[in-house]
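Before any comments, here is the structure.
Since this is a predicted model, take the numbers as computed values, not measurements. For ligands, and for the atoms within them, numbers begin at 1 and follow the listed sequence.
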Amino acid sequence: MASESVELNNRAISLPNLMKYTFGTKDAIPERDKSITERFSRLRREFPVMGMRRTVEAIILTHQHKMPHILLLKIGATYFKLPGGTLEPGEGDSEGLHRILTTLFGEPFIADDGQHIFAPFPCEIREVVANWWRPHFEPTQYPYLPSHITRPKEHRRMILVELPPEGCFHVPGNYNLLAAPLFELFENTPGYGPVIASLPLSLSKVGKILQSILPILSNRDHKGTCGKIGVVGGSLEYTGAPYFAAMTSLRLGADLAHVFCRPEAAVVIKSYSPELIVHPILCTPGCEAKFDEWLSRLNAIVVGPGLGRDADLDELFPKILTSVVKKELLLVVDGDGLFLLQKHLDLVKGYGKCMLTPNAMEFQRLEKAVGFSPTSFDAPDTELQTSVARLASHLGSLTVVRKGRSDIISNGVVTFDCSLPGSPRRCGGQGDLLSGSVATLAFWASEKCVENGGMLACLAACSLIRSCAEISFEKFGRGLVASDMIPVIQVALKHLLEQK
Ligand SMILES: NC(=O)C1=CN([C@@H]2O[C@H](COP(=O)(O)OP(=O)(O)OC[C@H]3O[C@@H](n4cnc5c(N)ncnc54)[C@H](O)[C@@H]3O)[C@@H](O)[C@H]2O)[C@@H](O)CC1
Ligand SMILES: Nc1ncnc2c1ncn2[C@@H]1O[C@H](COP(=O)(O)OP(=O)(O)OP(=O)(O)O)[C@@H](O)[C@H]1O
């Protein structure tokens, strides 16, 4: 098999088999700096003249024995790096990375004018997979730009590079080119450093992730094994939002869905579906005790869809959060929950089981609430990624999913971008479908002890809901409403699972 097509980071990419490549050596290209100390001295020297150093690095994936491998350059006995280098002033990412890969791997020849040059290295430069920043003239780097740093010293961008099915590498004599299996790099910071060790997560395949998260159905299971999800929301104005979130969890595969709403919303919500268990308790006497009792029987809670912002929630909302955190339940905060959360961020700060799913506006509110200047709605994706990572990190590494043109998911250490096409319909309620699916998938991931389960559940949920939107838009076009997406949840799931 010459090449295998896989989906990485939601895009199909061809992975060539390394057996179809040949390898030659050429003259050494000495490293510009002899030591790490020298590298930082040069960075410090050049900074006043050149400004922030812009580095581009190639993520070149290949497959061997059907397993994805990443190409690394090994220098000496223990130092590994991605093939890459520094951009010239004014040079674009793609142009610069092409130039650097040509120097590293292109075939050497002597031009008509006698100059030693390299033939262009055939490859296609794809999207940016990860960004890292170096705030000081020191080794410490972050996958986001820390908020207090106004003049970072280096910005590193890891870019996916696709190779043709066959070809030749001409490797400088001072390097060893090797293919490391992704599983070997996974979180292996001692062996490869934080940047390379985080790449497998950044490149995760949604179909594989879903497979690792979904519970296996069995006749030995009992009612509740696949999840008991609670949704706190539903008011006089908004009855749809909690219904969408709770129904999504059931249609995805949870066993029981409870809605805790205001009494005036309860009959309406019940009448949408006999499957939902509806508690008309919010802001009624004894509400906290009743809620607390039910919490012990649930696995994950979504707080906020259609909750409203009435003054009586100022007192109840923090109590709800405190109960959920105390019981160590998975918590998704969405919709009006995010509005109310602005004053109570300290209650979830550092709570690793918390996932926030803001839309563009809600994200800006959270940024302002923590004292960051809000990132523009239209900021480029890389800036948005930085902002999401910055907020997640500031909140103590909980997971933030900023919905939008692309959904950006970050825990402050790793940042994913889900840019499946979705649909061009922006009807209300789609975010509620997302929060219900995040809660369900996060519960399943936690049951199976999936490493980084919250992050992966969020990525899987974003892919799922965008896929539902795409499928249902084909049928309903501009008349698509959120209710139309619920019946295709299993179609979308199957579609994602089948992606190789
Ligand atoms: N049928 C229902 O019951 C529904 C109830 N909903 C609930 O309604 C409550 C309020 O939610 P809202 O989202 O209206 O609250 P917000 O007050 O946060 O309003 C969001 C505002 O941001 C704007 N916006 C969103 N994305 C944007 C983008 N990318 N660029 C520019 N502007 C953008 C919207 O047009 C809207 O005006 C929540 O509790 C929510 O759950 C919604 O889920 C919609 C459906
Ligand atoms: N520009 C876009 N292109 C494609 N998909 C989008 C776009 N904006 C949002 N989405 C998708 O729509 C879904 C809901 O996002 P949205 O920003 O509408 O959330 P929301 O305002 O919280 O929703 P809700 O109406 O339920 O409150 C998400 O799955 C997101 O991926």
Side-chain angles (χ1 to χ4, degrees), residues 10 206 231-248 252 259-262 264-265 268-269 272 282 302-310 313 317 332-342 355-369 374-379 381 384 387-388 400-409 416-439 441 458-473 480-486 488-489 492 496:
N10 294 329
V206 172
V231 177
V232 179
S235 51
L236 185 62
E237 298 88 346
Y238 305 127
T239 52
Y243 162 81
F244 292 137
M247 207 58 206
T248 298
L252 180 52
V259 175
F260 300 88
C261 61
R262 283 182 179 271
E264 55 270 33
V268 183
I269 298 172
Y272 295 151
L282 286 190
V302 183
V303 180
L307 184 59
R309 300 169 190 179
D310 290 349
L313 285 164
F317 180 76
V332 181
V333 187
D334 186 37
D336 287 327
L338 291 166
F339 184 87
L340 297 163
L341 189 67
Q342 292 174 87
M355 291 149 276
L356 310 182
T357 52
N359 63 24
M361 179 70 91
E362 291 156 349
F363 182 74
Q364 282 197 342
R365 282 197 197 110
L366 292 173
E367 286 186 303
K368 286 185 213 157
T375 312
S376 147
F377 291 151
D378 304 322
D381 280 355
L384 287 169
S387 301
V388 178
V400 178
V401 180
R402 184 198 183 274
K403 297 169 286 191
R405 195 175 51 224
S406 2
D407 297 330
I408 300 168
I409 305 143
F416 297 138
D417 182 312
C418 173
S419 44
L420 289 181
S423 97
R425 268 290 278 156
R426 299 275 64 80
C427 57
Q430 300 183 62
D432 306 318
L433 268 75
L434 183 78
S435 60
S437 53
V438 166
L441 289 164
C458 290
L459 176 61
C462 290
S463 309
L464 180 71
I465 299 308
R466 292 177 82 101
S467 182
C468 285
E470 187 180 2
I471 294 166
S472 45
F473 181 74
L480 172 72
V481 292
S483 309
D484 301 326
M485 289 165 57
I486 294 177
V488 302
I489 289 174
L496 290 173

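Of all atoms in ligand 1, listed by their number and element, those nearer than 4.0 Å to a heavy atom of D336 are 9 (C), 10 (C), 38 (C), 39 (O). For ligand 1, the atoms closer than 4.0 angstrom to any heavy atom of T239 are 3 (O). Each of the following atoms of ligand 1 lies closer than 4.0 Å to a heavy atom of E362: 18 (O). For ligand 1, the atoms sitting less than 4.0 Å from at least one non-hydrogen atom of N359 are 13 (O), numbered in the order shown with element in parentheses. Applying the 4.0 Å criterion to heavy atoms of G304 picks out, from ligand 1, the atoms 39 (O). Less than 4.0 angstrom separates some heavy atom of G429 from each of these atoms of ligand 2: 24 (P), 25 (O), 26 (O).
At a distance under 4.0 Å, no protein heavy atom can be found next to atom 18 (O) of ligand 2. Put simply, atom 39 (O) of ligand 1 has protein non-hydrogen atoms near it, under 4.0 Å away.
Closest heavy-atom contact between C458 and V438: SG-CG1, 3.9 Å. Taking both residues in full, the closest heavy atoms of C418 and L459 are given as CB-CD1, 4.0 Å, listed atom of the first, atom of the second, then distance. Nearest approach of A469 to Q430, heavy atoms of both residues: CB-OE1, 3.9 Å. In this structure, A245 and S435 approach most closely via the heavy-atom pair CB-OG, 3.9 Å. Taking both residues in full, the closest heavy atoms of L356 and L341 are given as CD2-CD2, 3.7 Å, listed atom of the first, atom of the second, then distance. Listed here is the closest heavy atom pair of A241 and P305: CB-C, 3.6 Å.
For atom 41 (O) of ligand 1, the closest non-hydrogen atom on the protein side is G306 N, 3.0 Å. Of the protein's non-hydrogen atoms, the one nearest atom 1 (N) of ligand 1 is G240 CA, 3.7 Å. Of the protein's non-hydrogen atoms, R365 NH1, 3.0 Å is the one closest to atom 18 (O) of ligand 1. Atom 23 (O) of ligand 2 has G431 N, 3.2 Å as its closest protein atom, hydrogens excluded (heavy atom only). Given atom 28 (C) of ligand 1, the protein heavy atom at minimum distance is A360 CB, 3.5 Å. The shortest contact between atom 32 (N) of ligand 1 and any protein heavy atom is with F377 CE1, 3.7 Å. Scanning the protein for heavy atoms near atom 2 (C) of ligand 1, the closest one is A241 N, 3.4 Å.
Considering backbone and side-chain N/O of N359, one or more are found under 3.5 Å from N/O of ligand 2. In terms of polar-atom proximity, D432 is counted as a contact of ligand 2, with an N or O under 3.5 Å from an N or O of the ligand. For G308, no nitrogen or oxygen atom sits less than 3.5 Å from a nitrogen or oxygen atom of ligand 1, counting backbone and side chain alike. Polar contact check, G428 against ligand 2: no nitrogen or oxygen pair lies under 3.5 Å apart. Ligand 2 has a nitrogen or oxygen under 3.5 angstrom from a nitrogen or oxygen of R466.
No side-chain heavy atom of V268 sits less than 4.5 Å from a side-chain heavy atom of Y243. With contacts defined as side-chain heavy-atom distances shorter than 4.5 Å, the pair L252/L464 qualifies. The closest side-chain heavy-atom distance from L434 to C462 is below 4.5 Å.
For atom 24 (N) of ligand 1, the nearest non-hydrogen atom from the set Q364, M361, R426, R309 belongs to M361. Of the candidates D407, L338, I408, I465, it is D407 that places a heavy atom closest to atom 31 (O) of ligand 2. For atom 44 (C) of ligand 1, the nearest non-hydrogen atom from the set G429, G234, G337 comes from G429. Remark: among candidates G404, C427, G306, G240, the nearest residue to atom 9 (C) of ligand 2 is G404, based on non-hydrogen atoms. Of the options M361, E470, K403, the smallest heavy-atom separation from atom 28 (C) of ligand 2 is shown by K403. Here atom 10 (N) of ligand 2 lies nearest to R426 when heavy atoms of R405, R426, Q430 are compared.
Just one of D432, D334, D407 meets the side chain to side chain donor-acceptor pair (under 3.5 Å) condition when paired with T357; it is D334.
A heavy-atom separation below 4.0 Å is not found between K403 and ligand 1. At least one heavy atom of P305 lies less than 4.0 angstrom from ligand 1.
Under a 3.5 Å cut-off, the side chain of Q342 and the backbone N or O of L366 do not form any donor-acceptor pair. No donor-acceptor pair under 3.5 Å is formed between the side chain of E237 and the backbone N or O of G308. Looking at R402, its side chain never comes within 3.5 Å of a backbone N or O of V388 through a donor-acceptor pair. No donor-acceptor pair closer than 3.5 Å links the side chain of D336 to the backbone N or O of F339. Not one N or O on the side chain of T239 forms a donor-acceptor pair closer than 3.5 Å with the backbone of G234.
When non-hydrogen atoms are compared, ligand 1 lies under 4.0 Å from neither the backbone nor the side chain of R405.
Of the N and O atoms on the side chains of D381 and S406, at least one donor lies less than 3.5 Å from an acceptor on the other residue.
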